[in-house]
Chemist: 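Below is the structure I would like to discuss, written out as C-alpha cells.
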Number of protein chains: 2
Amino acid sequence: MLRLSKLADYGTQVMTYMARDHVIHSASEVAADLCIAAPTVSKILKMLVRKNLVTSMMGAKGGYVLARHPSGISIAEIIDAMDGPISITECSSNTTCDRESSCSTRSNWQGINHIILDALEKVSLAEMIAPKPQVVDVSAIRSRGIQT
Amino acid sequence: MLRLSKLADYGTQVMTYMARDHVIHSASEVAADLCIAAPTVSKILKMLVRKNLVTSMMGAKGGYVLARHPSGISIAEIIDAMDGPISITECSSNTTCDRESSCSTRSNWQGINHIILDALEKVSLAEMIAPKPQVVDVSAIRSRGIQT
DNA sequence: CCAATGTAGGACTATTATAGTACTAGTTAG
DNA sequence: CTAACTAGTACTATAATAGTCCTACATTGG
C-alpha cells in the first residue's frame with residue numbers, strides 16, 4: 001500500500017515528542033505520554049540510539065535525549081532507522097526471467113523512489129513540530145511536474 | 001518500509017506489458033511472458049478491469065486490452081487499483097489517546113503524502129515504457145526544495 | 001559499597017497482511 | 001453445442017511485522 005510501517009510511525013511520534021523539549025526522558029515516560037506500550041517504545045528508542053538520532057544516558061536518572069537539534073534531523077532518517085533503507089521496489093536481481101518487461105521499468109521506479117526520498121529528506125523534525133506547517137510547497141512542485 | 005506491495009509491482013508490470021502493443025492478450029499469455037503465476041495474473045487483471053484501466057473481452061478469443069492510451073494512465077492509478085488509496089499513515093481517527101503529540105504531525109504527513117501521490121500521478125504508463133526515461137526531473141524538484 | 005532505577009541487547013511469540021490457489025459460473029466464437 | 005476464455009468468490013499458506021519478555025550492565029544516591 002505504499003504505507004509506512006507502524007514502527008516508523010511510532011518512531012516519528014517519539015521523535016517529535018522529544019523534539020518539544022530538550023530534557024531527558026525515560027522510556028516509560030514517553031510511553032505513558034504517547035500511550036504506546038512501554039516495551040515497544042523502549043525498542044524504538046534503542047533503534048534510534050543505534051542510528052545516532054538519540055543519545056542515551058544509562059543508570060538511575062538516565063533516559064534519552066535527541067542527539068542533534070530537531071532542525072538537523074530529517075524524517076527520512078527516522079524512517080530509515082526504523083525500517084531500513086527506503087526503496088519502493090525490491091529490484092533484488094533475482095530475475096529468473098529476464099525478459100524485456102521488467103528491467104526497462106526499473107530505472108523509472110528508481111526515479112520515483114528518488115522523489116519520495118527527496119521529499120522525506122527535506123522535512124525536518126523541527127518543521128514537523130510546527131503547528132500549521134509551511135513545510136511542503138506542493139504546488140510549486142506540481143506546477144513544474146515530472147513529465148518533461 | 002514504505003514499500004510497494006508485490007501485487008502493485010506485478011500490476012505495473014502487467015500494464016507496461018500491455019502498453020507495448022494494443023493487441024488483445026489472454027491472461028495466460030501475459031503470465032507466461034512475465035513469468036508470474038497464471039492465477040495471480042488473472043487476479044490482477046480482474047482488479048484492473050474493475051478500475052476501468054483494462055477492458056475485458058469474454059468468450060473464446062477473449063482477453064484483455066488497455067482501456068485507454070498508455071499516456072493517459074498514471075502509475076498512481078495502477079497502484080490505487082491494486083492496493084487502494086495511497087496513504088502513508090493510517091490516521092484512522094481511532095485515537096484513544098488524543099494528546100497533543102500525534103495530531104499536530106498529521107498535517108505534515110498529509111503534505112508528504114501529497115508529494116508522493118503527485119509524483120506517482122505525473123508518471124504515465126507511456127513514460128514507463130520509454131527505455132531511457134526523461135520521466136522524472138528530480139533535479140528540478142530538488143533545486144526548489146520543500147522547506148519554504 | 002550496596003541497592004534502586006533505568007538502559008542494552010537479544011530471543012521469542014502472536015497477529016496480521018499478503019500472495020497465491022482452487023473452484024464454480026457465465027459468455028462468446030465457431 | 002462445445003470449446004475457450006473471463007468473472008467472481010472463497011480459501012489457505014506463508015511471510016512480515018508488532019509487540020513481549022528476560023537477562024545483563026551502568027549510574028545515581030544513600
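In what follows, chains are A, B, ... by sequence order, proteins preceding strands, each numbered from 1. Note that these values count all heavy atoms, side chains included, but never hydrogens, waters or copies made by symmetry.
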Chemist: Among D:dT6, D:dT20, C:dG9, which is the nearest nucleotide to the side chain of B:Tyr64?
Modeler: D:dT6
Chemist: Which of these nucleotides, C:dG10, C:dG20, C:dA4, is closest to any side-chain atom of A:Ala60?
Modeler: C:dA4
Chemist: So if I take every side-chain heavy atom of A:Lys43 and compare against D:dA18, C:dG9, D:dA26, which nucleotide ends up nearest?
Modeler: D:dA18
Chemist: Round to a whole Å and report the spacing from CD1 of A:Ile44 to P of C:dG9.
Modeler: 16 Å
Chemist: What integer distance in Å separates A:Leu7:CG from D:dA16:P?
Modeler: 16 Å
Chemist: What integer distance in Å separates A:Leu34:CG from D:dA18:C1'?
Modeler: 16 Å
Chemist: Rounded off to whole Å, could you give me the NZ-to-C1' distance for the A:Lys51 and C:dG9 pair?
Modeler: 17 Å
Chemist: Counting only side-chain heavy atoms from C-beta out, which of D:dT6, D:dA18, C:dT18 sits nearest to A:Lys6?
Modeler: D:dA18
Chemist: Check every atom of C:dT21, D:dA18, C:dA4 against the side chain of B:Ala37 and return the nucleotide holding the closest atom.
Modeler: C:dT21
Chemist: Select one nucleotide: of C:dT7, D:dA7, C:dT5, the one nearest the side-chain heavy atoms of B:Met58.
Modeler: D:dA7
Chemist: From the set C:dA19, C:dG20, D:dT27, return the single nucleotide nearest to any side-chain atom of B:Tyr10.
Modeler: C:dG20
Chemist: Take atom CG of A:Leu45 and atom P of C:dG9, then tell me their distance rounded to the nearest Å.
Modeler: 13 Å
Chemist: What distance do A:His25 atom NE2 and A:Met18 atom CE have between them, rounded to the nearest 0.5 Å?
Modeler: 5.5 Å
Chemist: Through direct or indirect side-chain contacts below 4.5 angstrom among Ile, Leu, Val, Met, Phe, Trp and Tyr, which residues connect to B:Val65?
Modeler: B:Ile24, B:Met57
Chemist: Counting heavy atoms from C-beta on, name the nucleotide in C:dT21, D:dT28, D:dT20 closest to the side chain of A:Lys61.
Modeler: D:dT28
Chemist: What is the distance from atom CE of B:Met15 to atom CD1 of B:Ile78, rounded to the nearest 0.5 Å?
Modeler: 4.5 Å
Chemist: Specify the separation, in whole Å, of atom CD1 of B:Ile36 and atom C1' of C:dT21.
Modeler: 16 Å
Chemist: For B:Ser56 and B:Val49, work out which heavy atoms get closest and say how close.
Modeler: CB-CG2, 4.1 Å
Chemist: Taking the nucleotide of DNA chain D with the closest heavy atom to each, which residue, A:Met57 or A:Pro39, is nearer the 5' end?
Modeler: A:Pro39
Chemist: Picking from C:dG20, C:dT7, C:dT18, which would you name as closest to the side chain of A:Ser56?
Modeler: C:dT7
Chemist: Please give, in whole Å, the distance from D:dA4 P to B:Glu29 CD?
Modeler: 16 Å
Chemist: Would you name the heavy atoms of B:Gly11 and B:Ile44 that are closest together and state the gap between them?
Modeler: CA-CG2, 3.9 Å
Chemist: For C:dA17 and B:Ser5 - does any side-chain N or O of the residue sit under 4.0 Å from the phosphate oxygens OP1/OP2?
Modeler: no
Chemist: For B:Met82 and C:dG20, what is the distance between atoms CE and C1' respectively, to the nearest whole Å?
Modeler: 13 Å
